[in-house]
Each structure stands twice: as C-alpha cells, then as structure tokens.
**Q** 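My questions all concern the structure below.
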Amino acid sequence: MNYWLLKSEPDIFSWAKLVEDGQAMWDGVRNYQARNNLRSMKKGDIFFFYHSGKKSGIVGLAEVIKEYYPDPTAKEGDWSVVDVKPIRQLKRIISLNEIKQTPQLQSMVLVKNSRLSVQPVAAGEYSFILTIEE
DNA sequence: GCCAACGTTGGC
DNA sequence: GCCAACGTTGGC
C-alpha cells in the first residue's frame, strides 16, 4: 500500500464533483514525472485530494479503484489515467500554508516541488496529517 | 495579475 | 548535447 497526493484545480475538477459523481477517471496528466507516478499507483492505494489555487490545501481522502490505462482524452503521446473514488472528506482543510509551517512535513514533495501534480506521500507523512486533522 | 520555478522545444 | 526561448503551473 502506497500513499499519494493528487492535485486538481477545483474549477476544473473539484472534490465536490468527485463525491457527486461517486467515481472519476483521473485524466489530463501531461507531465512525465506525474504520469510515471500515476502508473505506480495500485488498486487500493489511498491519496490526498488536493485543491490548488486560491484556497489550496488537502480536502479529502480517495482511493484508486482501477490501475492505469491509456488516457482517452490524449490526442497524441503516451499518457495514462487511473480511476478513483472518494473515501471521505477531511474534517477540515489542511492548507498548504499550514503544511509549510509544520516541521514534520517539510520533506513532503508538495513543499519541495509544488508543481508536480501526482506525487508520492510517505507513510509517516500520511499518518501525521491524519493526526492533525482533528 | 504577476512572476518564480520548472518543463519542453528547437536551433546550432 | 547544450542552452536560449518559450509555455505552463500555481503560489502569492
């Protein structure tokens, strides 16, 4: 079991939309590093759903329900998608600002490479974030 | 809306 | 293969 963090612009695809739809195909990834991470995701892996933009932060927990397959929205190139479903919303949004100010989370990819849209999360980081959720 | 950081493209 | 120019992302 691995943990991840996937980013989305809420105007493009939001947590609310994922909950409303019940599941989704995570398409549109056009960055090789992000794509490779996407391909490493296994069925049952859990990830943080992160909203980028004005109110950037982690909003929910979701799960991979289907491993990678070709991205039907890609006109050219070798791109992939996975299918996901929501698990639950976090009790509060864990903002990027808070993550940056939390010493235990300084090694997160989010802090070091904020642009990567599909990134791994260490098990320790995952469990720590859940402890500060309350 | 600006701009820093990063990735990609293409000329040489 | 280097690197300048350009495009995109995303925080502020």
Side-chain angles (χ1 to χ4, degrees):
Chain A
M1 159 85 76
N2 286 303
Y3 301 100
W4 309 91
L5 184 147
L6 271 59
K7 299 201 286 190
S8 181
E9 281 268 5
D11 289 346
I12 308 292
F13 184 75
S14 67
W15 170 258
K17 184 79 166 68
L18 177 62
V19 171
E20 185 187 328
D21 294 350
Q23 71 173 77
M25 180 179 70
W26 201 275
D27 62 16
V29 171
R30 295 294 182 271
N31 170 283
Y32 290 112
Q33 212 182 335
R35 183 202 68 182
N36 291 343
N37 287 336
L38 206 65
R39 289 180 176 179
S40 299
M41 296 176 83
K42 299 296 180 196
K43 188 176 178 182
D45 279 0
I46 293 175
F47 66 91
F48 290 124
F49 192 114
Y50 177 94
H51 277 169
S52 60
K54 273 199 165 185
K55 294 179 179 177
S56 53
I58 299 169
V59 293
L61 277 180
E63 178 184 348
V64 178
I65 55 172
K66 185 178 178 185
E67 290 173 22
Y68 79 91
Y69 56 98
D71 186 341
T73 70
K75 292 189 183 68
E76 57 179 27
D78 182 20
W79 302 109
S80 299
V81 297
V82 294
D83 285 352
V84 303
K85 72 168 186 186
I87 297 174
R88 66 174 177 84
Q89 189 169 336
L90 292 196
K91 290 167 186 158
R92 65 185 183 89
I93 293 174
I94 311 290
S95 72
L96 176 63
N97 186 49
E98 178 174 352
I99 290 167
K100 282 186 166 174
Q101 289 177 2
T102 303
Q104 292 90 337
L105 298 177
Q106 290 311 295
S107 56
M108 283 191 77
V109 179
L110 194 62
V111 175
K112 292 184 297 184
N113 181 3
S114 64
R115 291 187 42 173
L116 188 60
S117 62
V118 179
Q119 51 182 263
V121 172
E125 292 161 353
Y126 172 79
S127 53
F128 184 82
I129 286 169
L130 292 185
T131 65
I132 61 173
E133 177 195 358
E134 300 289 342

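These numbers come from the heavy atoms of this one structure, side chains and all, not from hydrogens, waters or symmetry mates. Keep in mind that what you see is a predicted model, and the values were worked out from it rather than measured. Note on naming: letters A, B, ... go to the chains in the order of the sequence lines (proteins, then strands), and numbering restarts at 1 for each one.
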**Q** Name all residues meeting the salt bridge (charged side-chain N to carboxylate O under 4.0 Å, His left out) criterion together with Asp45(A); count only those two or more places apart in sequence or in a different chain, and write none if there are none.
**A** none

**Q** N/O contacts under 3.5 Å, protein versus nucleotides 8-12 of chain C?
**A**
{"from": "dT8(C)", "atom 1": "O2", "to": "Arg115(A)", "atom 2": "NH1", "distance (Å)": "3.2"}
{"from": "dT8(C)", "atom 1": "O2", "to": "Arg115(A)", "atom 2": "NH2", "distance (Å)": "3.1"}
{"from": "dG10(C)", "atom 1": "OP1", "to": "Lys7(A)", "atom 2": "NZ", "distance (Å)": "3.3"}
{"from": "dG10(C)", "atom 1": "OP1", "to": "Arg115(A)", "atom 2": "O", "distance (Å)": "3.2"}
{"from": "dG11(C)", "atom 1": "OP1", "to": "Tyr50(A)", "atom 2": "OH", "distance (Å)": "2.9"}
{"from": "dG11(C)", "atom 1": "OP2", "to": "Gly53(A)", "atom 2": "N", "distance (Å)": "3.1"}
{"from": "dC12(C)", "atom 1": "OP1", "to": "Lys100(A)", "atom 2": "NZ", "distance (Å)": "3.0"}

**Q** In the hydrophobic cluster built from side-chain contacts under 4.5 Å, what are the other members alongside Tyr32(A)?
**A** Trp79(A)

**Q** What pairs meet the salt bridge (Lys or Arg N to Asp or Glu O under 4.0 Å) rule with one or both residues in residues 93-107 of chain A, with sequence neighbours excluded?
**A**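 Only Arg92(A)-Glu98(A) qualify under salt bridge (Lys or Arg N to Asp or Glu O under 4.0 Å).
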
**Q** For Asn31(A), give me all partners under side-chain contact (heavy atoms from CB on, under 4.5 Å), at least two apart in sequence or on another chain.
**A**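 Asn31(A): side-chain contact (heavy atoms from CB on, under 4.5 Å) contacts with Gln33(A), Ala34(A), Leu116(A).
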
**Q** Side-chain donor-acceptor pairs under 3.5 Å in residues 55-69 of chain A, sequence neighbours left out?
**A**
{"from": "Glu67(A)", "atom 1": "OE2", "to": "Lys43(A)", "atom 2": "N", "distance (Å)": "2.8"}
{"from": "Tyr69(A)", "atom 1": "OH", "to": "Asp83(A)", "atom 2": "OD1", "distance (Å)": "2.6"}
{"from": "Tyr69(A)", "atom 1": "OH", "to": "Asp83(A)", "atom 2": "OD2", "distance (Å)": "3.2"}

